[in-house]
**Student:** 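One structure is given below, represented as structure tokens, and several questions about it will come after.
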Amino acid sequence: MSPSKTPAEILDIAGAEVRISSPDKVVFPEPGLTKLNLVRYYLAVADGALRGAGGRPMVLKRFPKGIDAEPFFQKRVPESHPDFIDTATLHYASGTSAEEAVIRDAAGLAWVVNLGCLDLNPHPVRAEDLEHPDELRVDLDPMPGVGWSQIVDVAYVAREVLDDVGLVGWPKTSGSRGLHILVRIAPQWSFREVRLAAETLAREVENRAPGLATARWWKEERGESVFVDFNQNAKDRTVASAYSIRPLPDARVSTPLTWDEVRSIRPEQFTVLTVPGRFADGGDPHAGIDDAVGTLDGLLALAAELGPAEKAPRSGDGTGRRQSLMPLIEVARTRTKPEALAALDEWKTRHAAVVPALHPADVLVDGMRGSSSLWYRVRVNLQHVPEPERPPQEELIADYDPWAGKEWPGRPGS
């Protein structure tokens with residue numbers, strides 16, 4: 001969303017004036033969608049988008065340089081925000097705090113899009129009660145090599161577990177490769193308790209679908225399975241909410257589904273161009289989510305029954321760091337994903353003889369959250385390479401430090 005000479009457009013949205021700068025700027029070149037097209041999209045699905053994000057403090061994930069460049073994450077609401085944008089002050093585990101934006105109407109949706117936001121990233125709490133989540137989030141995250149049918153199978157196992165503990169799950173596409181299942185809960189439990197409940201759900205799904213699903217937090221231990229990402233329920237975490245536009249070339253949308261649809265659809269069906277018609281014709285499949293509030297008693301009882309989750313061993317060097325159980329080497333740390341992929345290609349060229357032995361899930365390219373943006377870490381799991389043939393840990397091909405020049409209490413490495 002780089003600057004353009006196109007004059008700004010002023011929209012009157014239910015009596016609120018919203019200024020859209022550079023309205024004709026093309027944001028998604030492949031389908032030819034402009035910034036104003038994205039605003040119009042959110043206005044068309046406003047009731048559904050606000051059901052997912054309205055009334056919640058949100059992190060502003062901004063794409064000022066377009067979808068091909070890394071976004072930056074802005075926790076603090078701009079000082080010049082209009083009167084129709086509410087705020088709430090969140091206190092983070094690091095000891096910092098931020099006054100974050102809270103949108104409550106369609107004008108708020110248009111305002112955040114004008115800032116360069118594509119997806120909406122609300123916290124799982126309401127602005128009126130910041131310490132007690134009212135939403136448990138089940139994120140089904142497929143490892144490389146995992147197909148859609150396996151994700152769907154795991155989703156139905158998760159639904160079965162939720163049914164058994166008296167909770168109702170509401171599925172939606174993530175807008176990328178996975179599925180989300182949202183669960184409304186009474187705001188009676190702390191973040192720690194909600195995360196424990198989510199971890200318990202993940203462990204029980206793995207117990208019922210071994211090999212298909214995993215609750216293992218460490219990526220190199222998951223294999224070709226669907227990770228039930230319970231840590232999305234940790235304090236400070238946000239996920240793309242319903243009807244969010246994702247930064248993929250086809251302008252894909254995180255779209256609510258009925259359970260009857262889950263097995264028959266594909267995520268690529270739902271884009272900025274197709275979802276408004278679906279919404280106009282059939283309404284929001286999640287329209288009843290706020291009437292299906294449940295209790296965590298069943299999951300917390302199951303947590304006690306299962307006992308504490310297995311913890312990884314710690315290294316014996318006095319640092320207290322976790323010791324990996326896998327033959328893992330680190331290849332690079334980079335500022336951008338293209339740089340990470342280039343470093344991976346260089347490593348593969350250096351070690352071409354072992355590449356055929358690698359499985360898709362052995363190559364780990366992870367987006368890591370920095371202070372205000374993502375950075376990328378590249379690792380390779382050599383578990384399928386015969387031990388005598390495994391390359392050693394070498395000097396990193398690229399060694400980007402996302403914390404360089406930044407100092408604060410609790411800084412990594414301080």
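Predicted, not measured: the structure shown is a model, and the values here were computed from it. Computed over heavy atoms, backbone and side chain alike; hydrogens, waters and symmetry mates excluded.
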**Student:** Compare every heavy atom of Val18 with every heavy atom of Ile13, then report the nearest pair and how far apart it is.
**Tutor:**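 The pair with the smallest heavy-atom distance is CD1-CG2, 3.9 Å.
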**Student:** What I want to find out is whether Asp401 reaches Arg333 closely enough, with some N-O distance under 4.0 Å, to be called a salt bridge.
**Tutor:**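 No salt bridge links Asp401 with Arg333.
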**Student:** Check ring-ring contact (aromatic ring centres under 6.0 Å, His included) between Trp148 and all other residues, then give those that pass, not counting sequence neighbours.
**Tutor:**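 If we apply the ring-ring contact (aromatic ring centres under 6.0 Å, His included) test to Trp148, skipping adjacent residues, there are no hits.
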**Student:** Between the side chains of Glu261 and Arg278, is the shortest nitrogen-to-carboxylate-oxygen separation below 4.0 Å, so that they form an ion pair?
**Tutor:**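 Salt bridge flag = yes for Glu261 with Arg278.
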**Student:** Residues in salt bridge (Lys or Arg N to Asp or Glu O under 4.0 Å) with Arg237, at least two apart?
**Tutor:**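 Checked Arg237 against salt bridge (Lys or Arg N to Asp or Glu O under 4.0 Å); zero matches.
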**Student:** Taking CZ in Arg192 as the centre, count heavy atoms belonging to other residues, nucleotides or ligands within less than 6.0 Å. Is the count above 12?
**Tutor:**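 12 or below, so no.
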**Student:** What are the two closest heavy atoms between Val27 and Thr34, and how far apart are they?
**Tutor:**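 Shortest heavy-atom separation between Val27 and Thr34 comes out as CG2-C, 4.0 Å.
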**Student:** Check Ala240 against Ser254 and note the closest heavy-atom contact, atom names and distance.
**Tutor:**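 For Ala240 and Ser254, the tightest heavy-atom pair comes out as O-OG, 4.3 Å.
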**Student:** Between the side chain of His351 and the main-chain N/O of Lys348, is any donor-acceptor distance below 3.5 Å?
**Tutor:**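 Not a single qualifying donor-acceptor pair exists.
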**Student:** Stepwise, does the side-chain hydrogen bond (donor to acceptor under 3.5 Å, both in side chains) test hold for Asp139 with Ser174?
**Tutor:** CA-CA 8 Å; Asp139 181 4; Ser174 70; over 6 Å; no
**Student:** Tabulate below the donor-acceptor pairs under 3.5 Å that side-chain atoms of residues 299-308 make, not counting sequence neighbours, or state none.
**Tutor:**
none

**Student:** Between Glu99 and Thr89, is any side-chain donor less than 3.5 angstrom from a side-chain acceptor?
**Tutor:**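 Their side chains do not contain a donor-acceptor pair, so the 3.5 Å distance test is not met.
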**Student:** Do Tyr243 and Phe279 make the cut of ring centroids closer than 6.0 angstrom?
**Tutor:**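 For Tyr243 and Phe279, the ring centres are under 6.0 Å apart.
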**Student:** Could you tell me whether a side-chain N or O of Arg62 sits under 3.5 Å from a main-chain N or O of Leu115, the two making a donor and an acceptor?
**Tutor:**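 Yes, Arg62 side chain to Leu115 backbone: donor-acceptor pair under 3.5 Å.
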**Student:** Is the closest basic N to carboxylate O distance between Lys337 and Asp68 below 4.0 Å?
**Tutor:**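 Asp68 and Lys337: not salt-bridged.
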**Student:** So, the side chain of Arg76 versus the backbone of Ser97: is there a donor-acceptor pair under 3.5 Å, distance only?
**Tutor:**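 At least one qualifying donor-acceptor pair exists.
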**Student:** Is the backbone N or O of Leu201 less than 3.5 Å from a side-chain atom of Glu204, with the two atoms forming a donor-acceptor pair by type?
**Tutor:**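 No: the side chain of Glu204 does not pair with the backbone of Leu201.
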**Student:** Decide, yes or no, whether a salt bridge links Arg350 with Glu394 under the criterion of side-chain N to carboxylate O below 4.0 Å.
**Tutor:**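 Result for this pair is yes, salt bridge flagged.
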**Student:** Salt bridge check: are Glu9 and Arg40 linked by an N-O gap of less than 4.0 Å?
**Tutor:**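 Judged by the 4.0 Å cut-off on N to carboxylate O distance, Glu9 and Arg40 do form a salt bridge.
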**Student:** When you look at Glu221 and Leu325, which way does the side chain to side chain contact (heavy atoms under 4.5 Å, CB included) test go after all the steps?
**Tutor:** CA-CA 8 Å; Glu221 298 177 3; Leu325 301 177; 3.9 Å; yes
**Student:** Does this structure show an ion pair linking Lys235 with Glu131, if we count only N-O contacts that are shorter than 4.0 Å?
**Tutor:**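 Answer for the salt bridge query: yes.
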**Student:** Could you give me the CA-CA distance, side-chain angles and deciding distance for Val378 and Leu344, then say whether side chain to side chain contact (heavy atoms under 4.5 Å, CB included) is met?
**Tutor:** CA-CA 7 Å; Val378 184; Leu344 176 62; 4.1 Å; yes
**Student:** Between the side chains of Arg104 and Glu128, is the shortest nitrogen-to-carboxylate-oxygen separation below 4.0 Å, so that they form an ion pair?
**Tutor:**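 Between Arg104 and Glu128 there is a salt bridge, with a charged N closer than 4.0 Å to a carboxylate O.
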**Student:** Decide, yes or no, whether a salt bridge links Asp362 with Arg379 under the criterion of side-chain N to carboxylate O below 4.0 Å.
**Tutor:**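 Looking at Asp362 and Arg379, the cut-off is not met.
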**Student:** Taking salt bridge (Lys or Arg N to Asp or Glu O under 4.0 Å) as the test, write out the residues that go with Asp281, two or more places apart.
**Tutor:**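 Partners of Asp281 under the salt bridge (Lys or Arg N to Asp or Glu O under 4.0 Å) test: none.
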**Student:** With distance as the sole test, does Asp366 use its side chain to make a donor-acceptor pair with the main-chain N or O of Met368 at under 3.5 Å?
**Tutor:**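 Such a contact is absent between Asp366 side chain and Met368 backbone.
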**Student:** I'd like to know if the side chain of Glu70 reaches the main chain of Trp375, judged simply by a donor and an acceptor atom lying under 3.5 Å from each other, with no hydrogens or angles considered.
**Tutor:**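 Judged by distance alone, no pair lies under 3.5 Å.
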**Student:** Is the number of heavy atoms from other residues, nucleotides or ligands within 6.0 Å of NZ (Lys219) greater than 12?
**Tutor:**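 More than 12 within 6.0 Å, yes.
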**Student:** Grab the two heavy atoms, one from Ala16 and one from Phe84, that are nearest each other, plus how far apart they are.
**Tutor:**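 So the two residues come closest at CB-CD2, 3.9 Å.
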**Student:** Can you sort out the partners of Glu160 under salt bridge (Lys or Arg N to Asp or Glu O under 4.0 Å), two or more places apart, ordered by chain and number?
**Tutor:**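 Arg208.
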**Student:** Mind running side chain to side chain contact (heavy atoms under 4.5 Å, CB included) on Leu109 and Leu120 for me, showing each step along the way?
**Tutor:** CA-CA 9 Å; Leu109 290 170; Leu120 310 175; 3.7 Å; yes
**Student:** State whether a side-chain donor-acceptor pair under 3.5 Å links Thr295 with Asp297.
**Tutor:**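 Present: a donor and an acceptor within the cut-off.
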**Student:** Ignoring hydrogens and angles, tell me if any N or O in the side chain of Asp86 forms a donor-acceptor pair with the backbone of Ile103 under 3.5 Å.
**Tutor:**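 Checking the backbone N and O of Ile103 against the side chain of Asp86, no donor-acceptor pair under 3.5 Å is found.
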**Student:** As a test of understanding, state which of Thr238, Asn121, Asp134 forms a side chain to side chain donor-acceptor pair (under 3.5 Å) with Arg56.
**Tutor:**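 Only one option passes, and that is Asp134.
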**Student:** Does a side-chain N-to-carboxylate-O contact under 4.0 Å join Glu330 and Arg377?
**Tutor:**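 Salt bridge absent between Glu330 and Arg377.
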**Student:** Between Asn231 and Trp217, does the side chain to side chain contact (heavy atoms under 4.5 Å, CB included) criterion hold? Intermediate values first, please.
**Tutor:** CA-CA 8 Å; Asn231 213 46; Trp217 175 242; 3.2 Å; yes
**Student:** Only counting residues at least two apart or in another chain, list the ones meeting ring-ring contact (aromatic ring centres under 6.0 Å, His included) with Trp189.
**Tutor:**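 Expected list: none.
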**Student:** Do you know the tightest heavy-atom contact between Thr173 and Val253?
**Tutor:**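 Minimum heavy-atom contact is OG1-O, 3.3 Å.
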**Student:** Going by an N to O cut-off under 4.0 Å, is there a salt bridge joining Glu193 and Arg195?
**Tutor:**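 Not counted as a salt bridge, because no side-chain N and carboxylate O are separated by less than 4.0 Å.
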**Student:** Is the charged tip of Arg335 near the ring of Tyr400: under 6.0 Å from the six-membered ring centre and within 45° of its axis?
**Tutor:**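 Judged by the rule (NZ or CZ under 6.0 Å from the ring centre, within 45° of its axis), Arg335 is not positioned above Tyr400.
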**Student:** Specify the closest pair of heavy atoms between Arg203 and Ala215, including all atoms of both residues, with the distance to one decimal.
**Tutor:**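 Scanning both residues, the minimum pair turns out to be N-CB, 3.8 Å.
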